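Data first, discussion second: the structure below is written as C-alpha cells.
Lettering of chains follows the sequences in order, A, B, ..., and the numbering in each one begins at 1. Since the model is a prediction, treat every value here as computed from it, not as a measurement.
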Amino acid sequence: MAQQVSTPKGTRDFGPAEMNRRNYIFNTIKDVFHNYGFSQIETPAMESLSTLLGKYGAEGDKLLFKILNSGNFTDKISKESLDAQNYIEITNNISEKGLRYDLTVPFARFVVQHRNDIVFPFKRYQIQPVWRADKPQKGRYREFYQCDVDIIGSKSLFNEYELIQIIDDVFARLGISVTLKLNNRKILSGIAEAIGEADKFVAITVAIDKIDKIGLEKVEEELRANGLSDNAIAKLRPILTNKGNTEETFKLIESIIGNTETGKAGIEEMNVIFGYIREHKLGINVELDLSLARGLNYYTGAIFEVKANDVEIGSICGGGRYDNLTGIFGLKDVSGVGVSFGADRIYDVMTQLELFPKQTDEYSTALFVNFGQNEEKACIEIAGKLRKEGISCVVFPEKSKLDKQFKFANSQNIPYVIIIGESEIANGTATIKNMATGKQTTVSQNEIVNFIK
RNA sequence: GUGGAUGUAGCUCAGCUGGUUAGAGUACCGGAUUGUGGUUCCGAGGGUCGAGGGUUCGAAUCCCUUCUUCCACCCCA
C-alpha cells in the first residue's frame with residue numbers, strides 16, 4: 001500500500017465474487033427478455049452532446065459527464081468568455097461528446113439512424129452502463145448498469161402489459177418481493193388542467209411526487225410558492241390525500257378529470273392496462289398511484305416504477321411510454337414504451353436480503369486433487385469428459401499438501417472434490433467428497449458424471 | 001450542486017482531555033497433520049493511523065486543505 005490508488009468517486013471494481021452474483025442477475029434478466037422475443041443491441045458509451053442535452057430536463061443536463069475535445073482547444077475560447085467565466089459558452093466550445101445518461105435516448109437515436117433496417121414493432125433490449133455526475137450515496141452510483149427493454153413502433157397498450165409481465169417474471173425469478181406502481185402522464189396533465197393550472201404541470205407533478213416524503217402541508221407550501229392559487233390547491237387536495245386502492249383511485253380521478261380530454265384519455269389507457277392485469281393472474285402487486293411522477297421529461301403516457309417491498313433503496317426499475325422521442329431526431333409518429341431494470345440496486349437488494357442462490361458463489365463444480373504427474377494425467381482425461389458434459393471442473397495445478405488443496409476447494413465453494421490417487425488408478429475408481437456433508441463415496445471413473453449431475 | 005458526518009492491519013473495530021515501541025477479533029501464511037477442508041491448538045508476518053500542510057518539546061488525537069465513503073436536500077436505477 002505504498003501508493004494510494006482508487007477508482008474515481010462513485011465508481012467501483014467488481015471482483016470475482018461480485019461478478020458471479022452480478023452475472024446471475026444479468027443472465028436472469030436476459031433470459032426473461034429472450035423469452036419474450038427481444039433482441040439485443042449495444043450503443044457507444046459516448047454520444048454527441050446534441051443528442052443528449054435537453055432530454056432529461058435542466059437537472060439531467062447538469063448530471064451529464066462531458067468529454068473534453070482532443071487537441072488544443074484553447075484557440076476556440078474567446079478571451080471575453082474566459083474573462084467573464086462564462087462556463088456554458090466555454091463548455092460548448094471545448095466539449096462535443098458526453099457519456100450516456102440512460103439507454104433510452106441513445107436507443108431513440110439508434111432507431112432514427114437505422115430506421116431503414118428496422119422492422120417495426122422493434123423489440124430490443126440493451127444491458128450497458130450509464131453515467132451520471134450525481135453525488136454518490138448508497139444505491140446511487142456514478143456508473144451503473146441499466147437493463148432496458150423497449151418496444152418501439154407500436155402504440156398498442158398490449159406492450160405496456162407485456163412489460164408488466166416481464167417485470168413480474170424477472171422479480172419472481174430473482175425472488176424479490178416488489179410492488180409495481182403505475183400512473184399516466186395524461187392523467188397528471190389532466191389534473192393540472194382540471195384545477196386550472198395547466199401551465200404549472202411540472203411543478204404540480206414534482207410536488208405530488210413528494211407527498212409521501214414531506215407530507216401534505218409542505219407540498220401545499222411548495223405549490224403556493226410555485227404560484228398555484230388556493231382554489232387550485234383545494235381542488236388538488238383529494239388527490240394528494242388519496243389513500244384508496246386502485247379501484248377507489250380510479251373513481252376519484254374519474255370524478256375530477258373525467259371531463260378533460262387528456263385526462264379522459266389517460267384514464268382509458270389505464271383501464272385497458274388494468275383490464276389485462278385483471279384478466280391474467282400476476283404474481284406481483286400492481287397499483288395505480290397518482291403520486292408517481294417520473295422525472296424524465298420524455299414520458300407521455302403510462303409510467304412505471306418498481307419498489308422492493310423489504311428494502312429501502314428507491315426504485316429498482318422504472319420506465320414509461322414516450323411518443324415523441326424519435327421525433328426530436330427527425331422521425332415522427334414512432335411511439336415506444338420501455339422499462340429499465342437497475343442491476344446495481346437489484347444487487348444491493350439481493351445482497352441485503354441474502355437472495356442469491358448458493359450455486360452463484362460456486363466458482364466451479366468439482367476439484368481434482370493433484371497427487372503428482374501420474375495421477376494428474378488421469379485427472380486431465382476425466383476432467384475433459386466432465387467438461388464435455390457441461391460440468392465445470394478444475395484440476396489443481398500442482399502437487400501439494402491435501403490440506404491446501406481442500407482449503408482451496410473450500411474457499412472457491414466448490415461442492416465436490418474428486419480424489420484420484422494411486423489406489424484409485426489401480427482400481428479404475430475415484431473417491432468423491434461432498435464438501436457440504438463431508439461424505440465420501442467411491443465410484444468407478446465412468447460414473448463420476450452421473451454422480452455429480 | 002448545497003449542508004452534515006466519516007476514514008486506524010486485507011475485513012470489522014478499540015485506542016481517555018495530545019505523552020514511550022498503536023491494539024483486539026477475524027482473514028492470510030507456517031506448524032501440530034506429506035490421503036482430507038469447514039471445528040481445535042501453537043507461531044509468524046502485516047500499519048509513514050486516507051493524503052498533504054500547520055501548531056507543539058511531542059500528533060492517530062488539535063487546526064487548515066484535499067480525497068473517499070456515508071447521510072439529508074435535489075434528483076434518480
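Remark: C1' of B/U36 and CD1 of A/I432 are 15 Å apart, rounded to the nearest angstrom. Per the geometry, CZ belonging to A/F144 stands 11 Å off C1' belonging to B/C75, to the nearest Å. The CD-P distance, from A/E143 to B/U69, rounds to 13 Å in whole Å. Taking atom CG of A/D134 as the reference point, atom C1' of B/C70 lies 15 Å away to the nearest angstrom. Summarising the geometry, the separation between CD on A/E424 and C1' on B/G35 is reported as 8 Å, rounded to the nearest angstrom. In this structure, A/L63 places its CG atom 14 Å from C1' of B/U2, rounding to the nearest Å. With rounding to whole Å, A/K9 atom NZ is found 17 Å from B/U6 atom P. Distance CE (A/M435) to P (B/U39): 11 Å, rounded to an integer number of Å.
Within the 4.0 angstrom heavy-atom criterion, no nucleotide atom of any strand lies near A/G314. No engagement by A/C147 is indicated, since no non-hydrogen atom pair under 4.0 Å with the nucleic acid exists. Contacts of A/G438 with the nucleic acid, taken as non-hydrogen atoms under 4.0 Å apart, include base atoms. Within the nucleic acid shown, A/F341 has no heavy atom closer than 4.0 Å to any nucleic acid atom. Residue A/A343 is classed as having no contact, given no heavy-atom separation below 4.0 Å to the nucleic acid. No engagement by A/G15 is indicated, since no non-hydrogen atom pair under 4.0 Å with the nucleic acid exists. Across all strands shown, A/D403 has heavy atoms under 4.0 Å from sugar-phosphate atoms exclusively, and none from any base.
Salt bridge A/K358/A/E362: absent, no basic N to carboxylate O contact under 4.0 Å.
The separation of B/G45 from B/U26, taken at their C1' atoms, amounts to 16 Å, rounded to a whole angstrom. Separation of the C1' atoms belonging to B/U61 and B/U56 is 13 Å when rounded to the nearest angstrom. Using atom P as the reference point in both B/U12 and B/G4, the two lie 26 Å apart (nearest Å). Here, B/U68 and B/C28 have their C1' atoms 26 Å apart, quoted to the whole Å. When the C1' atom is compared between B/U6 and B/C70, the two are found 7 Å apart, to the nearest whole Å. Atom name C1', nucleotides B/U21 and B/C29: the rounded distance is 24 Å, in whole Å. With both ends at atom C1', the span from B/G46 to B/C41 equals 22 Å, rounded to whole Å. Atom C1' of B/A14 sits at a distance of 7 Å from the matching atom of B/A24, rounded to the whole Å.
Summary of the strand contacts: A/I419 and A/K210 both lie near RNA chain B, and taking for each the nucleotide with the nearest heavy atom, the more 5' one is attributed to A/I419. Looking at which nucleotide of RNA chain B each of A/K439 and A/G139 is closest to, the 5′-most match is held by A/K439.
A/R387 and A/S392 form no side-chain donor-acceptor contact under 3.5 Å, judged by distance and modelled atom types alone. At a cut-off of 3.5 Å, with distance as the only test, no side-chain donor of A/E96 or A/S48 sits close to an acceptor on the other residue. Counting only N and O atoms by type, the side chains of A/T43 and A/Q126 include a donor and acceptor under 3.5 Å apart.
Proximity note for A/R140 (side chain, C-beta onward) versus B/G37, B/C70, B/C74: the nearest is B/C74. Which of B/C75, B/A72, B/G37 sits closest to the side chain of A/K135 comes down to B/A72. When each of B/U36, B/A77, B/G1 is scored by its nearest atom to the side-chain atoms of A/R132, the top-ranked nucleotide is B/A77. Nearest to the side-chain atoms of A/K138 among the listed nucleotides B/C70, B/A77, B/C74 stands B/C70. The nucleotide whose nearest atom lies closest to any side-chain atom of A/L402 is, among B/G37, B/C74, B/G35, B/G35. Closest to the A/V206 side chain, of the nucleotides B/G37, B/C75, B/A77, is B/C75.
Base pairing of B/G25 is made with B/C11, judged by Watson-Crick or G-U wobble geometry with both donor-acceptor distances under 3.5 Å. Nucleotide B/U39 is matched to nothing when pairs are restricted to Watson-Crick or G-U wobble geometry with both distances under 3.5 angstrom. Pairing of B/U2, defined by two Watson-Crick or G-U wobble distances under 3.5 Å, is identified with B/A72. B/G46 is unpaired under the criterion used here, namely a Watson-Crick or G-U wobble arrangement in which both key atom distances are under 3.5 Å.
Considering only side-chain N and O atoms, A/K62 lies nowhere under 4.0 angstrom from the phosphate OP1 or OP2 of B/C74. Distances shown here put a side-chain N or O of A/Q137 below 4.0 Å from the OP1 or OP2 atom of B/A72. Put simply, A/K401 has a side-chain N or O that comes within less than 4.0 Å of OP1 or OP2 on B/G31.
Considering only heavy atoms from C-beta on, A/D148 comes within 4.5 Å of A/R124 through its side chain. Put simply, the side chain of A/I346 reaches to within 4.5 Å of the side chain of A/I176, judged on heavy atoms. Between A/I313 and A/D348 there is a side-chain heavy-atom pair separated by less than 4.5 Å.
For B/G35, the base has a donor-acceptor partner in the side chain of A/S423 [N/O atoms by modelled type, under 3.5 angstrom]. Between the base of B/U36 and the side chain of A/Q440 there is a donor-acceptor pair shorter than 3.5 Å. A donor-acceptor contact under 3.5 angstrom links the side-chain atoms of A/N410 to the base of B/G37. Residue-to-nucleotide contacts include no donor-acceptor pair under 3.5 Å from the side chain of A/E375 to the base of B/G35.
The backbone N or O of A/K439 sits nowhere less than 3.5 Å from a side-chain atom of A/N434 that would complete a donor-acceptor pair.
Aromatic ring centres of A/F356 and A/Y347: separated by under 6.0 Å.
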